[in-house]
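Step one of this worksheet: look at the structure below.
Keep in mind that what you see is a predicted model, and the values were worked out from it rather than measured.
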Amino acid sequence: MSDLSLPAPPRRSLSLHDTRVRGVFYQLLLAGCLLAVALGIGMQTASNMRVRGIPLSFDFWNESAGFDINQTLIPYDALSTYGQAFWVGVVNTLYVSVLAILLATLLGFVIGVARLSPNWIVSRVATAYVELVRNVPLLLQLLFWYNAVLKPLPSPKASIAIPGGIYLNNRGLIIPEIHLHPGAGLVGLAFVAAISCCVAFWFRARSVQRRTGKQLPVLLVSLATLIGFPLVVFLAAGEPVSFVAPQLRGFNFQGGHQLYPEFAALLIGSTPVRTSPRSSEVESRQCQRGRPRLRMRWGWRRARRFVWSSFPRRCASSYRL
């Protein structure tokens, strides 16, 4: 038998003429330069702080901050430490972020649907809103909402009364404060259980529709469950959740929960107003891509035909108008 052996592959030489070797060399050279610059900045900063007597440690973390923060969700005062002030900032950031996500999603959804509306005025107004907000700098929007909208509001004595025990003035928005009593946890568990039942019924409705074509009233059943079950538990537990309405005492309101103008300007200007146009762009593009070909049926309302012909099939089959 003849020995048929494959030729050995050529060995690569570590030469700068090789593109792969040259690319790795340049990347290592760039990484070394960046590391040298970072070390130089760190050494110079440490030297300057040492000359000025600034300690290079986190001992200040347990020192008294000496300043107040008006919007706090956790206990804090001027005698609290810098560490507590840091956690107040973290909690406030999460608070603003959660509210902004909810508002931006709802507002972006509505604007995205409005841009696809057959009504010329509605679609043009939605488009103008998107183009205007997206092309105005964020800092200018914050200044507008704080100085032109919130600061000119009336004083607490001339507050704008909103139904439900809500008052609006130049010191912010004062809403009723929620007090939780023994048994309030049962109401929370009932609400979580209601959400679980709605999700289970939604999957059940999808399964029934795929097998038989029958459409179950998902929206009505979900609303009845989300409202009815927690309400029954709330009444059975002796109304463990109460609301304390704010009262005007002197020059300010006592009681209630206050949302300061700075917080409102940040919430309105930086997050939902800046994010909702992007959400509306995503919603309108998804609606246009997933537009199904449906037959026009007699007896359908115009709004129902619009929703069914604008949203993807998987979304439209989940909600019964």
Side-chain angles (χ1 to χ4, degrees), residues 65 67-81 84-107 145-146 149-195 198 223-272:
F67 55 84
D68 289 322
I69 302 177
N70 54 10
Q71 189 77 42
T72 60
L73 298 178
I74 58 178
Y76 178 85
D77 54 28
L79 299 179
S80 299
T81 63
Q84 292 173 318
F86 171 79
W87 291 115
V88 169
V90 171
V91 173
N92 286 347
T93 302
L94 295 176
Y95 184 37
V96 174
S97 301
V98 171
L99 294 180
I101 290 172
L102 296 176
L103 293 178
T105 302
L106 295 176
L107 187 59
W145 285 105
Y146 183 72
V149 177
L150 298 176
K151 286 186 67 175
L153 290 173
S155 62
K157 285 191 174 182
S159 298
I160 301 174
I162 302 175
I166 303 175
Y167 298 92
L168 181 63
N169 52 55
N170 55 9
R171 297 186 182 180
L173 181 68
I174 299 94
I175 61 177
E177 187 176 3
I178 301 176
H179 283 187
L180 302 179
H181 305 286
L186 297 176
V187 180
L189 292 177
F191 187 72
V192 173
I195 295 176
C198 292
L223 290 178
T225 304
L226 289 175
I227 297 175
F229 187 53
L231 181 61
V232 171
V233 176
F234 173 79
L235 297 176
E239 300 182 2
V241 181
S242 61
F243 297 89
V244 178
Q247 301 291 334
L248 181 61
R249 304 288 177 81
F251 296 98
N252 204 354
F253 282 88
Q254 299 293 331
H257 183 69
Q258 184 175 1
L259 299 178
Y260 292 89
E262 295 81 6
F263 176 85
L266 178 63
L267 180 63
I268 298 174
S270 65
T271 41

Validation: residues 226-250 side-chain donor-acceptor distances under 3.5 Å, sequence neighbours left out:
{"from": "Ser242", "atom 1": "OG", "to": "His181", "atom 2": "NE2", "distance (Å)": "2.9"}

Next item on the list: Output the distance between atom CD1 (Ile175) and atom CG (Leu168), rounded to the nearest 0.5 Å.
Entry: 12.0 Å
Next item on the list: Give, for atom CG of Asn70 and atom CZ of Phe263, the distance between the pair rounded to the nearest 0.5 Å.
Entry: 10.5 Å
Check: Excluding sequence neighbours, so at least two apart, what forms ring-ring contact (aromatic ring centres under 6.0 Å, His included) with Tyr146?
Finding: none
Next item on the list: Hey, could you give me the OG/CG distance between Ser97 and Leu94, rounded to the nearest 0.5 Å?
Entry: 6.0 Å
Check: Hey, what do you get for CD (Gln84) to CD1 (Ile74), rounding to the nearest 0.5 Å?
Finding: 7.5 Å
Margin query: I'd like to check the side-chain contact (heavy atoms from CB on, under 4.5 Å) partners of Asp68; sequence neighbours left out, ordered by chain and number.
Written below: Ala78
Could you tabulate the donor-acceptor pairs under 3.5 Å formed by side-chain atoms of residues 150-161, not counting sequence neighbours?
{"from": "Ser159", "atom 1": "OG", "to": "Pro156", "atom 2": "O", "distance (Å)": "2.5"}
{"from": "Ser159", "atom 1": "OG", "to": "Asn169", "atom 2": "ND2", "distance (Å)": "2.9"}

Note to self: So, taking the atom named CG in Leu259 and the one named OH in Tyr95, what distance separates them when rounded to the nearest 0.5 Å?
What the structure shows: 5.0 Å
Notebook entry, point to check: side-chain contact (heavy atoms from CB on, under 4.5 Å) with Thr72: which residues, sequence neighbours excluded?
Noted result: Ile69, Tyr76, Val88
Note to self: For Gln71 versus His257, what's the shortest heavy-atom pair and its separation?
What the structure shows: NE2-NE2, 4.0 Å
Notebook entry, point to check: If you round to the nearest 0.5 Å, how far is CD1 of Ile174 from CD of Gln254?
Noted result: 11.0 Å
Check: Excluding sequence neighbours, so at least two apart, what forms ring-ring contact (aromatic ring centres under 6.0 Å, His included) with Phe191?
Finding: none
